[in-house]
Student: 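Take this structure, written in structure tokens, and hold onto it; I'll ask about it next.
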2 protein chains.
Amino acid sequence: MSEKATTVQDVARTAGVSTATVSRALSTPDKVSERTREVVFKAVEQTGYRVNRAARNLRTQRSNTALVILPDLSNPFFSEILEGISDHLSGTGYSMLVAGMTQIRDSGERLIDYLNDGRADGMIVLDGSLPQDAISSLTAPTHRDKIVFACEWTNQADFPSVRSRNRQGARDAIRHLYDLGHRKIGHITGPEGNVLSLERRDGAVAELTGLGIAPRAEWVIPAGFSLPDGRKAAQRFLKLKDRPTAIFCASDIQAIALISELQRHDIRVPNDLSVVGFDDIEMAEFVTPALTTIRQDRFQLGYAAAVLLMECISKDSSRDYAQIHQIPTNLVPRDSTAPLLP
Amino acid sequence: MSEKATTVQDVARTAGVSTATVSRALSTPDKVSERTREVVFKAVEQTGYRVNRAARNLRTQRSNTALVILPDLSNPFFSEILEGISDHLSGTGYSMLVAGMTQIRDSGERLIDYLNDGRADGMIVLDGSLPQDAISSLTAPTHRDKIVFACEWTNQADFPSVRSRNRQGARDAIRHLYDLGHRKIGHITGPEGNVLSLERRDGAVAELTGLGIAPRAEWVIPAGFSLPDGRKAAQRFLKLKDRPTAIFCASDIQAIALISELQRHDIRVPNDLSVVGFDDIEMAEFVTPALTTIRQDRFQLGYAAAVLLMECISKDSSRDYAQIHQIPTNLVPRDSTAPLLP
DNA sequence: ACCAAGAATGTAATCGATTGCATGAAGTGA
DNA sequence: TCACTTCATGCAATCGATTACATTCTTGGT
């Protein structure tokens, strides 16, 4: 009954070879003669053998596991990125450990420990706001080749990263509104200090300026990416005496909440106000009016990050420093934007 | 430069004790005299020692890792459950491995291997539709005590599980509509064969019947939980000659898409039709009209599942079979339901 | 003062797979 | 046929922590 797991020893015995040969037959099949290879495979089949990961990890000093760090596990925005990551990882035999910064902080763990104690071979960080000490510990030469940022990033160190063309996306959003005839264009920002917020705001400002429109300070409404933030932004908007005719929001979620709240106050979108979001979350297509937005390919973002991480980990040669992969965004016109009425 | 990781040996040496003592000082501090304990701690401090997980895992035959299985990584519904799980796990020193069934199938892995090869000590399954062979392999006596279902479950085996009171939630939804004066009440179901769909439909039917209302077959519209499903359901709804005055949807997402599509066809919610959803996703409060729904506490669901799993794993005594933990749901009345107009 | 019980520590085996080195077999070229 | 390379395999060390067992040191009771 005692159901002891089968080991290489068992396989070696039934195959009539040494454990070394079994191991080789499995991990480097071409170093073994065809005949023994088959014998071993058959023995593996018979005994139902599976390598013990703990033993392999100890010996090889690799875990075949990647750690993914989210700022906040409960944020649904990341799910599609996770899928992209997992999709590539699982193809390369890697497993995906997931942790949220909140939990990590609470449990008093340090990110770097995951790398040190052999739980993970590398990590993908989706949080641009790591505490300073975390960042500096990660920059240690032993670790810098095991870390990749995705989606967000940090300016305090130059890690390789994968990100959307946030600035260009923002420009496209503004341009779209301009092309519809809008000249009075506002912007709801993301959270203060966040790299994405900055890029999107800068992009918007740059495009406006380029189009000969001076951005008006009271039309740049500071907010965060979340639903409540969007609602609050709407309330700020309602208080404006002179209102823009179009708004570019730093996130879809925010835009959806904003529209909802404005509708409640009888402002019609797109008739009274055109709104562009950012992200193209699935919901964007299904709200009324369907949201015009800047699509970022989150699956691709995750996938590319995983590819990049695997490269970093495996590459023994010193690699060109701190690559930045930019994923294109694109405008998805829907019903929340319309030509400016004369 | 070669930055070799510090081991118990190093600590033992600097502390002037044996490795056994170091190990004991760290894992069973009371088996060691106060004096040596301090010396060891100091040495740990000095050397910056961290246990090597691979080595520990091999020796102890535990990984201190739990595997979480999602049907679909990209589905944002699960993020809050994940947070609940992680919140408890990280408190007990466990790490969380996450995998989607899609990826697992594609990579040809078997769930059971995670348990066998020492990657995980136990698993939380959020997918009620595992393939038959997966389920039967998991029922093996060696594994059945390492598995917990959460949110969804399977009827093909009796694993312990944590779930919402789906039936009661559905009853509450119907009752709410009834109390508002509605008698012509429809239902959009979840995907065929899904346990949640079944429970919610059964609950709705039971409540209707209990209230003396005979459920009408054409008012039970088969659908899935997703946004496109909700839209399709709306189209089916529009074709009805005799329409209900109220609808209970099996998911919020579905309800949101349904309302959006109906609004596009000038059906006003709640004036022309009252709608109740299920889940209380964050968005529910922020759409127009704000969605009346049955709240299920997803964080709690995940948290309880993690607690249950840890119990199962640690309990050496044979435990009472296949506990089912039910998490209460509750009605959250908002603006998508209104009294039936005379 | 002596012995037994218990506490603290050390020695060395162990977990299971991988791999450097050694050995033997087979093949190659002159 | 001989020397020599190449290939296939086996032996045994190794990864780093834990723990059964042995040993030494306390301590308390009589």
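These figures come from a predicted structure and were not determined experimentally. Order of the sequence lines fixes the chain letters, A, B, ..., with proteins taken first and strands second; residue numbering starts at 1 for each chain.
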Student: Is the NZ or CZ atom of B:R298 positioned over B:F77's six-membered ring, under 6.0 angstrom from the centre and within 45° of the axis?
Tutor: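 Ring-cation test returns yes.
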Student: Taking the basic N atoms (NZ, or NE/NH1/NH2) and the acidic carboxylate oxygens, is any pair closer than 4.0 Å for B:R56 and A:D117?
Tutor: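 The answer is no: the pair does not qualify as a salt bridge.
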Student: For B:V22, answer base if it contacts any base atom (sugar-phosphate contacts may also be present), sugar-phosphate if it contacts only those atoms, and nothing otherwise; contact means non-hydrogen atoms under 4.0 Å.
Tutor: nothing
Student: Taking atom OH of A:Y49 and atom CD of A:Q9, what is their separation to the nearest 0.5 Å?
Tutor: 9.5 Å
Student: I need the minimum non-hydrogen distance between A:D121 and A:N64, along with the two atoms involved.
Tutor: OD2-N, 2.8 Å
Student: Could you identify which residues of residues 47-66 of chain B place a heavy atom less than 4.0 Å from some atom of DNA chain D, listed by residue number, or say none?
Tutor: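 Result for residues 47-66 of chain B: B:Y49, B:R50, B:V51, B:N52, B:A55, B:R56, B:R59, B:T60, sorted by number.
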Student: Does this structure show an ion pair linking A:R119 with A:D113, if we count only N-O contacts that are shorter than 4.0 Å?
Tutor: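 A salt bridge is absent here (no side-chain N lies under 4.0 Å from a carboxylate O).
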Student: Identify whether any heavy atom of A:S23 sits under 4.0 Å from a base atom; if not, whether one sits that close to sugar-phosphate; answer base, sugar-phosphate or nothing.
Tutor: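 Base contact - A:S23 has a heavy atom under 4.0 Å of at least one base atom.
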Student: Verify the distance criterion only: is there a donor paired with an acceptor across the side chains of A:E109 and A:Y114 at less than 3.5 Å?
Tutor: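 Judged by distance alone, the side chains do pair up.
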Student: Has B:T65 got a side-chain atom pairing as donor or acceptor with B:S63's backbone, closer than 3.5 angstrom?
Tutor: yes
Student: Do B:S33 and B:R35 pair up side chain to side chain, a donor and an acceptor below 3.5 Å, judged on atom types alone?
Tutor: no
Student: Of all nucleotides in DNA chain C with an atom under 4.0 Å from a non-hydrogen atom of chain A, which is the first and which the last going 5' to 3'?
Tutor: C:dG16 to C:dG20
Student: Reading DNA chain D from 5' onward, which residue's closest nucleotide shows up sooner: A:E34 or A:T19?
Tutor: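 Of the two residues, A:E34 wins.
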Student: At what angle, to 10 degrees, do the two end axes of the helix from C:dA1-D:dT30 to C:dA30-D:dT1 meet, given five pairs define each axis?
Tutor: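 So the angle between the two local helix axes works out to 40°.
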Student: Select from A:T21 and B:S18 the residue whose nearest nucleotide in DNA chain C is closer to the 5' end of that strand.
Tutor: B:S18
Student: For the pair B:Q103 and A:S90, evaluate side-chain hydrogen bond (donor to acceptor under 3.5 Å, both in side chains) and give the outcome as yes or no after the intermediate values.
Tutor: CA-CA 7 Å; B:Q103 278 75 29; A:S90 71; 5.9 Å; no
Student: Donor-acceptor check, side chain of A:T36 to backbone of A:V32, threshold 3.5 angstrom: yes or no?
Tutor: no
Student: Within this structure, what is the NZ-to-P distance between B:K31 and D:dT18, rounded to whole angstrom?
Tutor: 13 Å
Student: In whole angstroms, how far is the P atom of D:dC25 from the CZ atom of B:R35?
Tutor: 15 Å
Student: Over all strands shown, is A:T36 touching base, sugar-phosphate only, or nothing at heavy-atom distances under 4.0 angstrom?
Tutor: sugar-phosphate
Student: What are the two closest heavy atoms between A:H143 and A:I147, and how far apart are they?
Tutor: O-CD1, 3.6 Å
